[in-house]
Structures are given as C-alpha cells and as structure tokens.
Protein chains: 2
Amino acid sequence: MSTIKDIAKNAGVSVATVSYVLNNNRYVSPEKKERVLAAIRELNYAPNAAARGLRAGESRTIGLIVSDLSNPFYPDLAKACEDAAQKHGYAVHMINTNDRPERMEQAAAQAREGKVDGLIVASALEADRELLQSLRERGFPLVLAHRRLDGLDADLVESDNFEAGLLAARHMLRLGHRRISFLAGVAGSPISRLREAGYRQAMAEAGIDVLPAWVQSGEAKYAASYERMLGYADLPSGERPTAVINMSDIGAMGVLDAAADRGLRVPEDVAVMGFDDLFLAAFRSVRLTTVRIPRSELGRRATELLLDRIADAKLDRRHEVLPVELVVRGTCGGERG
Amino acid sequence: MSTIKDIAKNAGVSVATVSYVLNNNRYVSPEKKERVLAAIRELNYAPNAAARGLRAGESRTIGLIVSDLSNPFYPDLAKACEDAAQKHGYAVHMINTNDRPERMEQAAAQAREGKVDGLIVASALEADRELLQSLRERGFPLVLAHRRLDGLDADLVESDNFEAGLLAARHMLRLGHRRISFLAGVAGSPISRLREAGYRQAMAEAGIDVLPAWVQSGEAKYAASYERMLGYADLPSGERPTAVINMSDIGAMGVLDAAADRGLRVPEDVAVMGFDDLFLAAFRSVRLTTVRIPRSELGRRATELLLDRIADAKLDRRHEVLPVELVVRGTCGGERG
DNA sequence: GTGAAAGCGCTAACAA
DNA sequence: TTGTTAGCGCTTTCAC
C-alpha cells in the first residue's frame, strides 16, 4: 500500500500539496495537480482510513444494531439505512446481536473505541438500557429505531403502534367478529404494549369485554404462535376466538399453519391478521391481511436523525412516529385487492 | 473521550506502562497495574481504534459483501460469518450491493483505504471480476463465497451445485417424471450453469432428451418464475412439463402461486422443487421440496479461510465444495417428513 | 520494571 | 502557491 509520501515523492511535491488535491481545499497549480493525480493513479493510492480517522477524530461510519437479521423485518430497514448513510458519505457497520447481551456490549465497545461515530439501535431491549444510557451520558450519538426504551435520553423513530393495534382490531370488528384474540409479543415489549392498547381501545369502543384468554404474551415467532393457535383450536367452537391478531407476520404464519393442521378454514372458521407486511404476506398461497410497518422509512429516518445528531450534538431530543397502514388480503375475508 | 495520556496522568505512570497493562505484554508491578486499571475504570477509557489501527496497520475488521440482503439466503450466511469472525476478535463490516457496480466499487475503496483487512464476496458478478482481480493483484485477502468467478485468483467456498442439480432431477425422475423443466438463473451464472449440468446429466442417464422449452434462463426471483410457470400452464397438458425445478426457493414460490392461479394442483398436475431450503420452504402451507444449500457453513468457512489468508498471505489457493442435501417435503408428492 | 521518544499516515496551521 | 512540521492516540524499541 502506498502512502501520501510515496505520492509526494513520485509527483515531486510536498505531502501537503498531495493532501490539498486529495481534499481539494486549497488552490494547487494545474500542473502540480495533474502530476499528483497521475501519481495517485499510477500507484493506485487511497488515503488510509485509520490515519484520517485518527486525525479527524471521526470514522465516518455509523453502527446499526439489529437483533435478528434472519427476521425479514430487519434487512429492509438495514438497506434503507445503508442507502441513506451512503448518501452522506458514511459507511454502515452492521451488528447482529441475536438478542445476546454480550453482543450489545461489543457494539458499545466499538462505539467507545471510536469505530463508529454513532449508533442506531433497531432492537433495544430492556436489558440494554443501562449500557445505552451510559453511552448517551458520555454524549455518544444514539438513535433508537422501531423499539423505544422509555426514559432513555435518545432520539427515537418508531411506527404508530397504537394506531396499528387499533386498525387491526377495528378491521376485525368491522367484519363482524366479537371474540377477537390478540397474540401479543414478549411481555413488557413497548411495541406489544402499544399495539395491545390500540386493540383494547377498539374493543372498548365496540363495547366488548376482552376475556383474559384472548390476550397472550410470548414470542411472536412461528413456533410459539403455532402452539398458541393449537390451544385455541382445541376449544369448543362456541368459545374459540373467531379472529386472531398476531404480533408479527411470521407468527401469523404459525397461526395459519396450526389452523390448517386442525382443519380450521381461514377465514371462515378463523380470521387471521399479522403486523409488518413482509414479502411473504403477499404470496398467493398466503395472502395475509396485515398492518404494514414502514421498515424502510424507519431505517432511513433513523439514519437521518443520527447524522443530524452527529453533526450537532446539542439538538433537542426528537421523537418521530411514522404512519402505519392496513393491508387487506385474504385471511380475514373481504379481500379487496 | 479520554486517551492513554489521561490514564497515565491519573495513575501516575507513563503512557508506556498503561499500554503494557492494556495489552499485558510486559511485566508491570501489581501496584502500578492496579492503579492503571482503576484509572481505566474511573475514566471509562477504551483505546482508540483508529490509533491502534494506524499503528498496527490493520483494522481487525473484515468486509462481507452481499448482493441482496432482502434475499433470505444471505442473512444466515452473514450471521455465521459474524459469529466466526467474532470468535477470532474480528468485527464484520457488511456491505449490501443490491447488485449495483458502484456499490462494489465503494467496497473495494474501503479495502484499499484499509478499513477492512480482507473481503468476503458472497455475490461476485462477472462485472466485478476486474475490480476483484486488481485487489488480489495487490495481495489483498479475498474469498469468494457461494458464487465462483472462474479464473479469479482468490480462495473459494461454494456448495456442490452440480450435485444439487443432479439430486433435484434424479428425485423427479425417481417419481416417474419425464417432462422435467429446469428454470435456470441468469444466463452465465456459474451456480446456474453447474446445477443445469447436473440436471442434464441426470436426464441423460435416464435417456431423456431435454427439450429447449424445458430450460429457461432468467431471474430466479418470484415474479419472473411466476411468469414462466404461467407460460407452461397455457401449454396443452400433453406438452406441459409435469415437473418444474426452480433455481431458488423464492422462485419456486412464484411457480407454486402461478400453478394455483391456473388451477393446477401440486403435486398432482405439476411437481415443484426449489434450491436453498429457506425457512419459508418449511411452512405447512408451502412444504416445498428442495435442495438444501448450506448457507451458514458457507459463511463460516469463508470467514475461516479469509482469516487464515490474512494471517498468512502466501497460503496456496483453496477451493472448498460443501455438500448439499435433498429435502423432501410435499410439492413433489412422496413426502416422507 | 519503567519511561522517553519515534513513528504509523494524514491534515492543517504557519511560514515563506 | 507551496512546503515544513506538529500532532492526532497508540505501540514498541531502546535506554536506564
């Protein structure tokens, strides 16, 4: 690898001059400039990032922490984040925690070492609060995406989860359902809490008492949701919920499959909804009615907020709520599309 | 952010001593050591990565280039890569190219700037050959994963694509099919070429002439495969392939959906297979028979090879071929599982 | 055992 | 208009 000195020597100028043409922040005579450029081409030179970073005190890289890359929710968010960052000359350093706390610690370490200039946390867990708070206290730029962490002094972009729950439940209600189940996410998850609140509000508006058996916390993943639907299927049909709203599209797939395995027809015997609107929800063999969570927008806005914050640390804290949208397909009947 | 100087001052020792305890590569008296450790804790110090990197001439970071993060194929590969890298103290810098050449150039730039110590390319395109070759010529550590690039002087880990094609076609043959279609990937893709060769070999073994209409190149994605299956569906039933092997599980979903849209039953009217064995292939509503491509192993081995190469640049070039596996589900009949 | 100081590659203040 | 040089934070050689 050649250095700026090699270029200077090759072009017969000082290193300062090379630096000037590199950053073009000083006038350099056309002849010298051309010689420098030629030397750069000839030696295939690229300025060393570590040296630049050390000098400038920044890495021009942001970190993106996601909890589970295999969840199709995150790749879209990550892509949008990368696109937005790139537009501003930043690279994205993605870290997949698999919800393991030690991975989060590694991410924080990278922050403290200056490997990244700021962090987007797309999966903040209660367990991460202290770590993230300590980062913030040291003034480290941080934005939470998708999952909020109440009381944490950081910028936040989320979707309108209350509205999402409201939309879902109202849709079921409109279709005539009364026994509507809400299969929530892990207890304490703010996303789940908000959506459940929306669901409860819709039920209250309709004058329906929500029975305890209708609302269950747990993992929103395929297997857990499958099991929970199996539980409903074993109920006598007069007690069984006629509609099931699941915290995620992936979980809704489990509900759908469990219903099928028990000979329950969708939507005739059970109507099913999810949240997210993943690509698989659109498959003809699925046609899942769902509430779309704007993941790309989440990623893009989070990045923009972070970049703003990096540029100006004393901005007021911001909190953005992105709109969600009902997507009607086949699993509740009344398909439009 | 505090620096090593702050620690030295706080602990009343020299920066050298701080460095020694940081890296613990010299004997330091217990008392001083304790004072240094205390100062580090007190000031919440972490050594600056840029300074270290500059000094050491390495970033302890590897780059992972994937072509499309939204394709569920890659996240699993990326996770395995991250796990393996982490085990050796390396971070992973993921870059999503979306198959755009300029993104590949940015990745190469990061390599030349020393932001990463080596690169795993999980989606090498013909168009990238020159760029990658020039990196190799400068001795930059590079390993190709999943997609080979003939003639490129780089380590390679791929799956046994010829065998995969063979397995798929033989499975259909065993089930009694004769008119077996192979919906290939983009023309010229080595993966597609190899799998097609396996398919053709199986057909030849069975003494069947492969009709031109049975083999079609194109995108292996949902929409393109959907269209191609629609084309088959319009054929008189005596000419229509009774079995369709698609280059990817996602594409096979398109085939499945097109068949359903045309009232064709699976597997009675058409048997369908994919490649990959994505999580969605296992859904009860899908139950796709497929050939499993070992994506996690691909990611893990690629990382190990790269780390080896970083440690020792003059290793012989390596080429590993990972085994694939037939996964029988419902879309061809004869389900075992 | 510990410390002073050189130097990794770069930028920019200052001098000329 | 261009060059000299200090210094970013760290590691390590060399000296004591």
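Everything quoted here is computed from the prediction, not taken from an experiment. Each chain gets a letter, A, B and so on, in the order the sequences are listed, and its residues count up from 1.
- Comparing B/Val13 and A/Tyr45 against DNA chain C, the residue whose closest nucleotide sits nearer the 5' end is B/Val13.
- Position along DNA chain D of the nearest nucleotide to A/Ala51 versus B/Val15 favours A/Ala51 as the more 5'-ward residue.
- Side chain of A/Ser59 to backbone of A/Gly53: no donor-acceptor contact under 3.5 angstrom is found.
- Of the candidates A/Arg147, A/His319, A/Arg301, A/His319 is the only one forming a side chain to side chain donor-acceptor pair (under 3.5 Å) with A/Glu158.
- Between the P atom of D/dG9 and the OH atom of B/Tyr20 lies a distance of 20 Å, rounded to the nearest Å.
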Show every donor-acceptor pair shorter than 3.5 Å between a side-chain atom in residues 22-33 of chain B and any protein atom, with sequence neighbours excluded, or say none if there are none.
from    : atom 1 : to      : atom 2 : distance (Å)
B/Asn23 : OD1    : B/Arg52 : NH2    : 3.3
B/Asn23 : ND2    : B/Ser19 : O      : 2.9
B/Asn23 : ND2    : B/Ser19 : OG     : 3.3

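- One interatomic measurement links the two molecules: CG of B/Asp6 to C1' of D/dC10, which rounds to 13 Å at whole-angstrom precision.
- Taking atom NZ on A/Lys115 and atom P on D/dG9, their separation rounds to 18 Å, with Å as the unit.
- Considering only side-chain atoms of A/Tyr27, the nucleotide from D/dG3, D/dT1, D/dC8 that sits closest is D/dT1.
- Of the side-chain N and O atoms in B/Asn48, none sit less than 4.0 angstrom from OP1 or OP2 of D/dC8.
- Defined by atom type and a distance below 3.5 Å, a donor-acceptor pair is present between the side-chain atoms of A/Lys115 and B/Thr61.
- A/Arg112 and B/Asn44 are linked by a side-chain donor-acceptor pair at a separation below 3.5 angstrom, with hydrogens and angles left out of the test.
- For the pair B/Met94 and A/Leu69, the minimum side-chain heavy-atom distance is below 4.5 Å.
- Computed from coordinates, the B/Ile7 CD1 to D/dT11 C1' distance equals 16 Å when rounded to whole Å.
- For B/Asn25, no side-chain nitrogen or oxygen approaches OP1 or OP2 of D/dT11 to under 4.0 Å.
- With a heavy-atom cut-off of 4.0 Å to chain B, the contacted part of DNA chain C has its first and last nucleotide at C/dG1 to C/dG9.
- Look at CZ on B/Arg52: it is 19 Å from P on D/dC8, rounded to the nearest Å.
- At whole-Å resolution of the value, CZ in A/Arg26 and P in D/dG3 are 13 Å apart.
- A residue-by-residue look at B/Arg55 and B/Glu31 shows that B/Glu31 has its nearest nucleotide of DNA chain C further toward the 5' end.
- Look at B/Lys5 and you won't find any side-chain N or O under 4.0 angstrom from OP1 or OP2 of D/dC10.
- Rounded to whole angstrom, the span from the CE atom of B/Met1 across to the P atom of D/dG9 amounts to 12 Å.
- Proximity of B/Asn48 to B/Thr3: side-chain heavy atoms (C-beta onward) are nowhere separated by under 4.5 Å.
- Across all strands shown, B/Val28 has heavy atoms under 4.0 Å from sugar-phosphate atoms exclusively, and none from any base.
- In this structure, the side chains of A/Ile62 and A/Leu307 come closer than 4.5 Å at one or more pairs of heavy atoms.
- For the pair B/Asn23 CG and D/dC10 P, the interatomic distance rounds to 11 Å; values are reported in whole Å.
- The residue B/Thr17 sits close only to the backbone: its heavy atoms come under 4.0 Å of sugar-phosphate atoms, none of a base.
- The phosphate of D/dT1 has neither OP1 nor OP2 within less than 4.0 Å of any side-chain N or O from A/Ser29.
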